[in-house]
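Lettering follows sequence order; numbering is per chain, from 1. For clarity, every value in this text was computed on a predicted model and none was experimentally measured.
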Amino acid sequence: MKAHIAELINTALTALIADGTLAADTQPNILVENTRDKAHGDFATNVALTLAKAARCNPRELAQKICNALPASDKVTKTEIAGPGFINFFITQASAYAVVETILEQGKAFGRAQPNSGPRVQVEFVSANPTGPLHVGHGRGAAYGATAADLLEAAGMQVEREYYVNDAGRQMSILAVSVWLRYLEQLGQSFNFPSNGYQGEYVNEIAQWLMRDHGEAFNRPAVEVFADITPDEPQGGDKELHIDALIERAQAMLGDDYETVFNAGLNSILGDIREDLGEFGIHYQEWFSERSLTSNGDVDRALEKLQARGYLFEQEGNLWFRSTDFGDDKDRVVKRANGQTTYFASDIAYHMNKFERGFDQVVNIWGADHHGYITRVKAAIQALGYDPERLIVKLVQFAILYRGSERVQMSTRSGSFVTLRELRDEVGKDACRFFYVTRKADQHMDFDLDLAKSESKDNPVFYIQYAHARVCSVLRKLEEDGLSWDKTQGLAALQRLDSEVEKDLVTQMGKYPETLHNAALNYEPHTLANYLKDLAGDFHAYYNTNKMLIDDAELRNARLTLSVAVRQILANGLTLLGVSAPEQM
RNA sequence: GCGCUCGUAGCUCAACCGGAUAGAGCAACGGCCUUCUAAGCCGUAGGUCGCAGGUUCGAGUCCUGCCGGGCGCGCCA
């Protein structure tokens with residue numbers, strides 16, 4: 001409908017250019033928007049306002065001329081000039097209601113673009129270090145990333161979801177040592193567990209599995225393990241130096257077995273994360289290993305490429321990337337004097353790798369605490385010869401959990417944090433997925449556990465699902481009464497639905513495709529969540545004021561047709577958000 | 001200190017590329033109702049969009065400064 005109106009305006013403008021009212025080189029940007037107030041009709045345009053200056057006449061006058069030049073349309077009942085020079089369009093009920101039939105025809109596809117008609121996009125999200133279970137902070141990134149990806153797919157793009165597995169860093173080594181030490185404890189040895197080690201119970205479990213699969217193969221005397229190790233912090237030393245020394249010692253004493261222990265930790269936790277996300281309704285096309293970037297030579301190749309382009313320099317034995325050439329605060333080390341490449345070097349290689357895989361666009365979903373990295377990564381991309389605009393970074397703020405008005409304390413120390421799994425167990429997958437994306441991603445959010453669990457209309461998830469279930473319920477009741485829904489008759493009788501609530505409902509339904517489109521392109525799932533809440537509200541209002549199961553068959557079928565169309569949109573929208581659309585509650 | 005980000009009703013949040021009288025839901029207040037689905041429905045009130053300038057036909061939205069909150073500022077990952 002918007003396109004139709006834009007077409008009418010375009011025709012009018014062409015006529016005005018022909019008669020000299022507008023300059024021949026006029027480049028009109030025709031914006032047709034939904035009106036906020038029903039008194040302003042159904043759609044409005046501000047072209048007269050934007051073109052008034054160039055046309056050197058006042059906006060209302062120009063608006064009048066545009067109106068006069070508008071071609072006739074059987075879909076428009078009248079136009080009005082209002083305010084400073086808006087042109088308001090009132091459309092016929094028949095054309096407004098046509099969307100109902102479209103919804104029923106297209107079903108699940110309603111609102112979605114032609115599949116795979118758009119560019120290839122990669123969305124990388126969560127990518128938490130596999131050193132422990134996901135916590136509630138990761139949950140928001142997971143829900144947001146998954147929904148953003150699904151929305152892009154609905155907008156026609158070819159989407160690949162990817163998890164970057166940080167399996168190469170020091171944190172992983174600390175995990176390996178933690179697992180090994182717990183394993184030694186289980187073999188009856190006792191010593192002070194390093195304060196910087198991973199304390200969570202899951203480390204003990206991994207140690208147990210290690211023992212089950214390998215017996216005592218990795219047993220070594222604790223006195224030898226800790227011999228001459230620089231003291232831990234509680235003993236007056238440095239916890240970082242202490243754990244580093246232990247890592248070195250573990251590698252020396254275990255030899256080739258070190259990798260077995262290391263992989264036991266990595267695979268166990270990664271498996272857990274994969275299962276956790278799977279149960280959260282999130283599935284990846286690719287789990288990309290950081291280690292593979294070193295083994296396949298991408299890191300070296302990326303550095304060579306930067307070298308060849310003249311962006312690397314040496315200082316005090318370290319190799320630096322001159323990121324200040326691209327607006328960064330300071331230059332960054334990519335290779336230390338000891339020959340070790342930095343994490344940033346892996347990141348450069350990773351992004352090079354992404355673009356080499358042919359993605360038109362690369363989206364990174366990061367925790368908000370990583371915002372400082374955007375500049376340097378974009379700098380690297382540009383230095384490698386790619387357009388940095390092709391990388392889109394979306395930041396996700398942490399969520400703060402509340403139980404009623406009381407804040408839930410979380411501590412990442414000593415492994416007592418609230419895990420995503422615990423959250424899912426408590427409030428359920430649907431509420432989790434919905435609540436996480438109901439606020440703008442870069443906004444702090446309060447997550448009320450009690451509200452998420454409540455079965456009342458205050459709970460938006462319940463409220464929307466209930467609207468869906470209500471339609472199902474009415475159809476069941478209909479059947480119990482020995483009747484059935486006649487779609488054809490319903491569609492033919494839609495014009496009988498001329499109350500305000502019904503018109504509002506249809507108007508709201510008509511906005512679904514653009515809501516979806518905008519939510520996808522702006523990476524703003526929360527607008528879809530809000531839309532569904534509004535649609536459910538409109539439907540509940542309708543349901544409360546109009547009885548469905550009435551004797552007048554024509555009217556009954558018209559109302560049911562409208563309701564089934566609402567149900568279709570609710571189901572489509574909920575599915576995109578990763579929330580189920582139950583038939584009864 | 002420098003950088004990024006946020007600041008909208010008592011609370012939690014919206015506001016479609018800069019558009020018309022800034023909207024919902026809770027809470028508050030007033031009324032109605034006992035139903036095809038489950039305490040529901042209707043209405044009222046509530047605002048200097050952090051503050052001050054600027055840009056223009058028009059600013060919550062863009063620019064500058066200030067105030068306040070969050071985060072970042074390692075050869076860590």
Side-chain angles (χ1 to χ4, degrees), chain A residues 29 31-37 39-40 44-46 48-50 52-53 58-60 82-86 88 129 131 166 168-174 240 244 290 315-320 327-330 332-338 340-347 367-375 395 397-398 402 405 438-440 442-448 451 455-460 463 466 469-478 480-481 511 514-515 517-519 522 524 526-527 529-531 533-534 537 540-541 543-550 559 563 584-585:
Chain A
N29 181 12
L31 181 67
V32 179
E33 41 183 17
N34 302 308
T35 55
R36 210 173 285 178
D37 187 335
H40 299 141
T45 183
N46 63 350
L49 293 164
T50 58
K53 200 167 202 177
N58 89 52
R60 286 192 66 106
F86 290 100
N88 294 331
N129 282 346
T131 53
N166 295 113
R170 174 168 169 268
Q171 294 304 319
M172 284 307 300
S173 301
I174 295 177
E240 304 291 348
D244 282 340
E290 180 187 352
Q315 195 173 27
E316 292 163 17
N318 298 314
L319 195 59
W320 297 71
D328 199 4
D329 300 342
K330 51 179 89 165
R332 310 285 171 178
V333 171
V334 288
K335 193 184 248 181
R336 294 174 221 151
N338 66 9
Q340 282 258 304
T341 54
T342 62
Y343 178 86
F344 181 46
S346 295
D347 247 355
D369 53 340
H370 284 69
H371 67 74
Y373 300 87
I374 299 175
T375 312
L395 299 177
Q397 287 282 355
F398 291 127
Y402 283 84
S405 56
T438 201
R439 306 288 178 234
K440 210 183 272 179
D442 59 7
Q443 201 88 293
H444 299 269
M445 81 174 257
D446 293 343
F447 191 127
D448 186 339
L451 181 61
E455 297 193 352
S456 76
K457 61 155 293 196
D458 299 346
N459 180 351
Y463 189 64
Y466 182 36
R470 250 185 169 169
V471 180
C472 298
S473 168
V474 171
L475 291 175
R476 276 194 302 272
K477 189 79 178 19
L478 180 77
E480 283 168 23
D481 292 352
K511 290 179 188 168
E514 62 181 272
T515 301
H517 188 252
N518 290 335
N522 299 323
E524 292 185 338
H526 75 279
T527 54
N530 287 335
Y531 168 87
K533 214 164 21 174
D534 290 342
H540 285 305
Y543 182 89
N544 287 327
T545 48
N546 295 79
K547 221 163 149 58
M548 303 269 155
L549 304 182
I550 49 175
R559 286 178 179 169
S563 302
Q584 61 185 64
M585 303 193 63

- Check the geometry between A:Phe86 and B:rG19 and answer yes if their rings are stacked (centres below 5.5 Å, planes below 30°), otherwise no. no
- Task: Ignoring the backbone of A:Tyr343, work out which of B:rA77, B:rA15, B:rC36 is nearest its side chain.
- Result: B:rA77
- So what's B:rC66 paired with, Watson-Crick or G-U wobble, going by both distances under 3.5 Å? B:rG50
- Note on the structure: Whole-Å distance, A:Met445 CE to B:rG25 C1', equals 15 Å
- Query: Looking across every strand, which nucleic acid part, if any, lies under 4.0 Å from A:Asn318 by heavy atom: base, sugar-phosphate, or nothing?
  - Reply: base
- Item | Distance between P atoms of B:rG7 and B:rC49 (Å, rounded) | 14 Å
- Item | For B:rG1, the Watson-Crick or wobble partner whose two distances fall under 3.5 Å | B:rC73
- Assess whether atom NZ of A:Lys335 is packed by more than 12 heavy atoms of other residues, nucleotides or ligands within 6.0 Å. no
- When all nucleic acid strands are considered with a 4.0 Å heavy-atom cut-off, which category describes A:Ala82: base, sugar-phosphate, or nothing? base
- Of all the nucleotides listed (B:rU21, B:rC41, B:rC75), which has the minimum atom distance to the side chain of A:Asn544? B:rC41
- For atom P, what is the distance between B:rG1 and B:rG65, given to the nearest Å? 15 Å
- Item | Between C1' of B:rC13 and CG of A:Asp442, the distance in whole Å | 14 Å
- Task: Compute whether any side-chain donor of one residue and acceptor of the other, for A:Glu290 and A:Ser346, lie under 3.5 angstrom apart.
- Result: yes
- Task: Give one of base, sugar-phosphate or nothing for A:Lys335, where a contact means two heavy atoms less than 4.0 Å apart.
- Result: nothing
- Task: Identify the nucleotide, in any strand shown, that forms a Watson-Crick or G-U wobble pair with B:rA24, with both distances under 3.5 Å; if there is none, say none.
- Result: B:rU12
- Query: Over how many whole Å does the gap from A:His517 atom NE2 to B:rC17 atom C1' extend?
  - Reply: 14 Å
- Under 4.0 angstrom, heavy atoms only, what part of the nucleic acid is A:Phe398 near: base, sugar-phosphate, or nothing? nothing
- Message: Of the options B:rU37, B:rA20, B:rC36, whose atoms approach the side-chain atoms of A:Arg476 most closely?
- Response: B:rU37
- Could you check whether A:Tyr373 gets within reach of a base, just the sugar-phosphate, or nothing at all, counting any heavy atom under 4.0 Å? base
- For B:rG30, the nucleotide meeting Watson-Crick or G-U wobble distances (both under 3.5 Å) is B:rC42
- For A:Ser473, report the nucleic acid contact type (base, sugar-phosphate, nothing); a contact means any heavy atom under 4.0 Å. base
- Item | For atom CG of A:Leu549 and atom C1' of B:rU35, their distance in whole Å | 12 Å
- In whole angstrom, give the distance that lies between atom NE2 of A:His540 and atom P of B:rC42. 11 Å
- Identify whether any heavy atom of A:Asp446 sits under 4.0 Å from a base atom; if not, whether one sits that close to sugar-phosphate; answer base, sugar-phosphate or nothing. sugar-phosphate
- Note on the structure: Taking for A:Ala44 and for A:Leu31 the nucleotide of RNA chain B with the nearest heavy atom, the one nearer the 5' end belongs to A:Leu31
- Message: Does A:Asn58 reach a base, just sugar-phosphate, or nothing at all? Heavy atoms under 4.0 Å.
- Response: nothing
- Message: Closest approach to the side chain of A:Lys457, judged atom by atom: which nucleotide of B:rA15, B:rC26, B:rU37 is it?
- Response: B:rC26
- Does the ring of A:Tyr543 meet both stacking tests against the six-membered base ring of B:rC36: centre distance under 5.5 Å and plane angle under 30°? yes
- Task: Check the distance between B:rC71's C1' and A:Asp329's CG and give it to me in whole angstrom.
- Result: 15 Å
- Item | A:Arg336 side-chain proximity, nearest of B:rA77, B:rA15, B:rC13 | B:rA77
- Item | C1'-based separation of B:rG25 from B:rA9 [nearest Å] | 12 Å
- Query: Over how many whole Å does the gap from A:Gln397 atom CD to B:rG69 atom C1' extend?
  - Reply: 11 Å
- Note on the structure: Mate of B:rU37 across any strand shown (Watson-Crick or G-U wobble, both atom pairs under 3.5 Å) is none
- Message: If you assign A:Arg170 and A:Asp369 each to the RNA chain B nucleotide with the nearest heavy atom, which residue ends up on the more 5' nucleotide?
- Response: A:Asp369
- Message: Set out, in order, the CA-CA distance, both residues' side-chain angles and the distance that settles side chain to side chain contact (heavy atoms under 4.5 Å, CB included) for A:Asn522 and A:Thr527, then state yes or no.
- Response: CA-CA 10 Å; A:Asn522 299 323; A:Thr527 54; over 6 Å; no
- If we require ring centres under 5.5 Å and near-parallel planes under 30°, does A:His371 stack on B:rG72? no
